[in-house]
Amino acid sequence: MSQVSMFSSGQEFANLLVSSDLLHHSWFTISDLRNHPYLNNPILVKVYPYHSNGAIVAFVSSPTCTLQKEMVSSEDLEGSQSPFDFISTKRNPHFSVNKSAITLFASLLNELSALKEQLDNVSPLIITGVSLGGSVASLFTLWLLKDNNKRPTCITFGSPLLGDSGLQQAISERPSWNSSFLHVVSNHDPIPRSLITPTNVIAGSIPQSCIYNPFGTFLLCSDSDCSCFEEPESVLDIMMEMNLNSQHQDNRSLAFDYEQVLKRLKDRVIFKGASQLFYFSVDQLQAGIDLQLEAIGIGGQQTSNMNPLRTKVKKRVEESFAKKRNAFDPGKKLNKMKEAMTWLEWYKKVTLKEGGYYDSFKRSEYRRRDAVKSRQEIVKHQRVLTKYWKTMVAEVEKMPQREETTFRTRWLYAGTNYRRMVEPLDIAEYYMKSGNIDYVNLGRSEHYKKLEEWRKEDNPSGNGNYRRKSVSLTEDSCFWAYVEEAIINSKRLREGSLEEKENATEHLVNFGEYVMKMIWSYSVSSEIFLPQSSFMNWWQEYRQDILSCLPNLRLAFYMENGESYA
C-alpha cells in the first residue's frame, strides 16, 4: 500500500466503521449499563448477546469513582506485573501501565477470571468501555490475547492513554494484537487527552517525549467528520493540537456522551474533494494528511499552526513507512533462497564421483578450471543463504515468546535443510586454513547453534528409531567437523607425545561410538562411504594405527567388514 493510499483510506476506513452497526451496538451496551445502579462498585461489567454466538462485554466506571478522577489527573505509572508480565518481549522487556487502571483491574481480578472462562467459545467477541471503563476494557482484552485461540476486538470511547512507550512497542511487535484495538475520541472530550498535556511531557511540551504512548487505531472525531490514524507519534501530535484548540480542559471528570457524535457522523456523507485544498501546494501524501486533519476539526485555511503540524505528521508517516519497508520479511526473498538451495542440491548430485560435495568443495581449488568456477558459484549461493538465515535467526530471537514459537515452527524445516546443506561447506573452509582446530567450539556460527537448538526442542527424540533407510543429508551438520578432528587426533596417536596419545585415544573412542550411533539410526548419508571421501581416507590412512591401539573399537569391526556398508 502506498503512503497516499494509506492516508486516503484513513477517512474511508472511518466511514466504514461509522456506517457499520458495530460502534452503535457497542455504545448502546454502554448507555444501557450506565442506567444500572452502581451501589458501591467503582465499575460495572455486563455481557450482552451479539449476533448468534457472539457477545459484547461492556465496562462502565462509576461517576463517583475516585480512581477515575485520579487517573485523568495523575501521570503515575505502575511497572509491569502479573497477570500482564507476558506482554514483555526480548526487545521490550519493561513497560508500565497507569497506576489507577491497573489498581482497578486488580480489584476485579476474581470476577474477570470467571468471565474469561465464560467467554471461551464466544465469537465474535467485542470488549468495550468508556473513559476509565475503556482502560479496564483494554487491559481485559490484552489478558484475553494471551491465549492464541481468542481474538477479541476492543472498542473504547473517550479512554485515557494507558501506558508508556514500552507497552506501546511490545504491543506493536504483535500486529494481530495492535489491530485488535480501536479507540474512538471526540475533539470535545478532554479525558483521552488528559495524560498528554504539557504537565505530562518530559522536558517541555515535545509530544514525542510524552510519558504515555498510544497503541492501536484511533478514530478521531469532530462535529462533522472523522478519520482513522494508526501511527503512534502522529496520534500524539494531533491530540496535543486538539488540547491546544480545546476549550473544555476543566471538565475532565464529566463523562462525554458519544451517542450524538456517532449519530451525526452516520447521518452525513463524509466526502471532501481535493478542490478544497487549492490553497496548498502539496504532494499527494500531504493532500491526504490535510484531508484527515480537516476532517477532525484541526485543519482549515485559518489555522495558524497548521503548517508545523502537517509537517510533523507527514514526517511521522514517512518514517513509519520506511520502517515497514526495511523490516525483515522472510517471504520476500523466499524464491531467491529456493534458487540458491537448488544450486547446492545440483552441486551435491554432480560431485558424487569426486568423494561427495564436502570433499569436492574442499579440494576444488587444486582441480581443473571448471571445478574452481563451479565452487565460486556455490560460494556465492552459500553466502546469500547464510546472510538470509543469520538475519532470520536474529529477528526470531527478538520476537515475543508465542510469536517466536509459531514462526520457528513455520520455518524450521527450511532452516534445518539449510543448516545440513550449507554448514558442511563452512566446515570445509574452516579446516582448509592451516592450524584451525575444534570447529564446533571455536569456529561455529551462533545461528547454526540456534537452528540446531530449535530443531531439538521441536523434535527431542529424533526420527532415527523409525527410519530404515539412510538420509540424503547427514542429520548432524557438524559430522564433517568430527571427521576432521578424528584425522587430527589420529596423527597425534601416531606421532604425538604420551599425553597427546592418551587424549587422542579417548577422542577416537568417542568418535567411534558417535559414528556407530549415526549409522545404526540411519542418520548419516551413505556419501561418507564414497571412496574419495574424507571419512574413507581417514580410515584407509590410519586403519593400522587404530586397529593396533584400539582393537575393541566397534567402528573398526564395522569398517573391517566391508559388506556392512557396501
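The model shown is predicted, which means the values in this text are computed figures rather than measured ones.
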(request) Go through the steps for L344 and Y357 under the test side-chain contact (heavy atoms from CB on, under 4.5 Å), then give the verdict. (result) CA-CA 9 Å; L344 266 65; Y357 84 114; 5.9 Å; no

(message) Assess the residue pair D359 and S533 against the criterion (side-chain hydrogen bond (donor to acceptor under 3.5 Å, both in side chains)); give the C-alpha distance rounded to whole Å, side-chain angles, the decisive distance to 0.1 Å, and a yes or no.
(response) CA-CA 6 Å; D359 285 282; S533 76; 5.0 Å; no

Would you check if the side chain of [X] reaches a backbone N or O of [Y] as a donor-acceptor pair within less than 3.5 Å?
{"X": "N53", "Y": "V122", "value": "no"}
{"X": "S180", "Y": "S176", "value": "yes"}
{"X": "T474", "Y": "S525", "value": "yes"}

Pairs satisfying salt bridge (Lys or Arg N to Asp or Glu O under 4.0 Å), at least one member in [range], at least two apart:
{"range": "residues 422-439", "value": "R383-E429, E423-R444"}
{"range": "residues 338-350", "value": "K348-E527"}
{"range": "residues 544-553", "value": "R494-D545"}

(request) Using the test side-chain contact (heavy atoms from CB on, under 4.5 Å), find all partners of Q544 that sit at least two apart in sequence or belong to another chain. (result)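 Not a single residue meets the side-chain contact (heavy atoms from CB on, under 4.5 Å) criterion with Q544.
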
(request) Would you please name every residue forming a side-chain contact (heavy atoms from CB on, under 4.5 Å) with S113, sequence neighbours left out? (result) L109, W143

Note, [X] side chain near [Y] side chain (heavy atom, < 4.5 Å):
{"X": "V483", "Y": "I528", "value": "no"}
{"X": "Y558", "Y": "V515", "value": "no"}
{"X": "T217", "Y": "S179", "value": "no"}
{"X": "Y482", "Y": "V440", "value": "yes"}
{"X": "Y431", "Y": "I487", "value": "no"}
{"X": "K146", "Y": "F84", "value": "no"}
{"X": "Y347", "Y": "S360", "value": "yes"}
{"X": "K362", "Y": "L425", "value": "no"}

(request) Kindly check if the number of other-residue, nucleotide or ligand heavy atoms within 6.0 Å of NZ (K116) is above 12? (result)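 Yes, NZ of K116 has more than 12 neighbouring heavy atoms, counting only those of other groups under 6.0 Å.
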
Sequence-distant partners of [X], salt bridge (Lys or Arg N to Asp or Glu O under 4.0 Å), two or more places apart:
{"X": "K390", "answer": "none"}
{"X": "K517", "answer": "none"}
{"X": "E485", "answer": "none"}

What donor-acceptor contacts under 3.5 angstrom involve side-chain atoms of residues 505-512, with partners at least two apart or in another chain?
from	atom 1	to	atom 2	distance (Å)
T505	OG1	K501	O	2.7
N510	ND2	E506	O	3.3

Over all heavy atoms of both residues, which pair between [X] and [Y] is shortest? Give the atoms and the distance, please.
{"X": "S534", "Y": "Y358", "value": "OG-CE2, 3.8 Å"}
{"X": "R420", "Y": "L473", "value": "O-CD2, 4.1 Å"}
{"X": "W177", "Y": "F181", "value": "O-CD1, 3.2 Å"}
{"X": "P83", "Y": "F105", "value": "CG-CE2, 4.0 Å"}
{"X": "T156", "Y": "S138", "value": "CG2-OG, 3.6 Å"}

(request) Begin with the C-alpha distance, continue with both residues' side-chain angles, and end with the deciding distance and a verdict on side-chain contact (heavy atoms from CB on, under 4.5 Å) for D164 and F95. (result) CA-CA 6 Å; D164 66 356; F95 68 90; 3.8 Å; yes

(request) Begin from the C-alpha positions of L412 and T416 and carry the test side-chain contact (heavy atoms from CB on, under 4.5 Å) through to its verdict. (result) CA-CA 6 Å; L412 191 56; T416 300; 4.0 Å; yes

Spacing of [X] atom [atom1] and [Y] atom [atom2] [to the nearest 0.5 Å]:
{"X": "T153", "Y": "L144", "atom1": "OG1", "atom2": "CG", "answer": "11.0 Å"}
{"X": "L125", "Y": "T141", "atom1": "CG", "atom2": "OG1", "answer": "7.5 Å"}
{"X": "T89", "Y": "E173", "atom1": "OG1", "atom2": "CD", "answer": "3.5 Å"}
{"X": "Q169", "Y": "N213", "atom1": "CD", "atom2": "CG", "answer": "7.5 Å"}
{"X": "N503", "Y": "R492", "atom1": "CG", "atom2": "CZ", "answer": "8.0 Å"}
{"X": "R419", "Y": "L385", "atom1": "CZ", "atom2": "CG", "answer": "14.5 Å"}

(message) I'd like to know if E452 and K449 make a salt bridge, using a cut-off of under 4.0 Å between side-chain N and carboxylate O.
(response)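 Here E452 does not pair with K449 in a salt bridge, since their nearest N and O are not under 4.0 Å apart.
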
(request) Could you tell me which residues satisfy ring pair (Phe, Tyr, Trp, His ring centres under 6.0 Å) with F479, sequence neighbours excluded, listed by chain and number? (result)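 Not a single residue meets the ring pair (Phe, Tyr, Trp, His ring centres under 6.0 Å) criterion with F479.
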
(request) Tell me, please, which residues at least two apart from Y418 pass ring pair (Phe, Tyr, Trp, His ring centres under 6.0 Å). (result)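 In terms of ring pair (Phe, Tyr, Trp, His ring centres under 6.0 Å), with neighbours along the sequence ignored, Y418 is linked to W389, H447, Y448.
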
(request) Apply the test salt bridge (charged side-chain N to carboxylate O under 4.0 Å, His left out) to residues E453 and K450: give CA-CA distance (whole Å), side-chain angles for both, the deciding distance (0.1 Å), then the verdict. (result) CA-CA 5 Å; E453 177 187 320; K450 279 294 175 186; 3.6 Å; yes

Let me check something: any side-chain donor-acceptor pairs from residues 547-555 under 3.5 Å, sequence neighbours excluded? List them with distances.
from	atom 1	to	atom 2	distance (Å)
R554	NE	E513	OE2	3.3
R554	NH2	E513	OE1	2.2
R554	NH2	E513	OE2	3.3

(message) I'd like to know if the side chain of S172 pairs up with that of Q168 as donor and acceptor (distance under 3.5 Å, no hydrogens or angles considered).
(response)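 Per modelled atom types, S172 and Q168 side chains form a pair under 3.5 Å.
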
(request) Test side-chain contact (heavy atoms from CB on, under 4.5 Å) on K380 and W343 and set out the steps. (result) CA-CA 10 Å; K380 182 178 76 174; W343 268 93; over 6 Å; no

(request) Could you check whether the rings of H183 and F215 sit parallel, tilted or perpendicular, using 30° and 60° as the cut-offs? (result) perpendicular

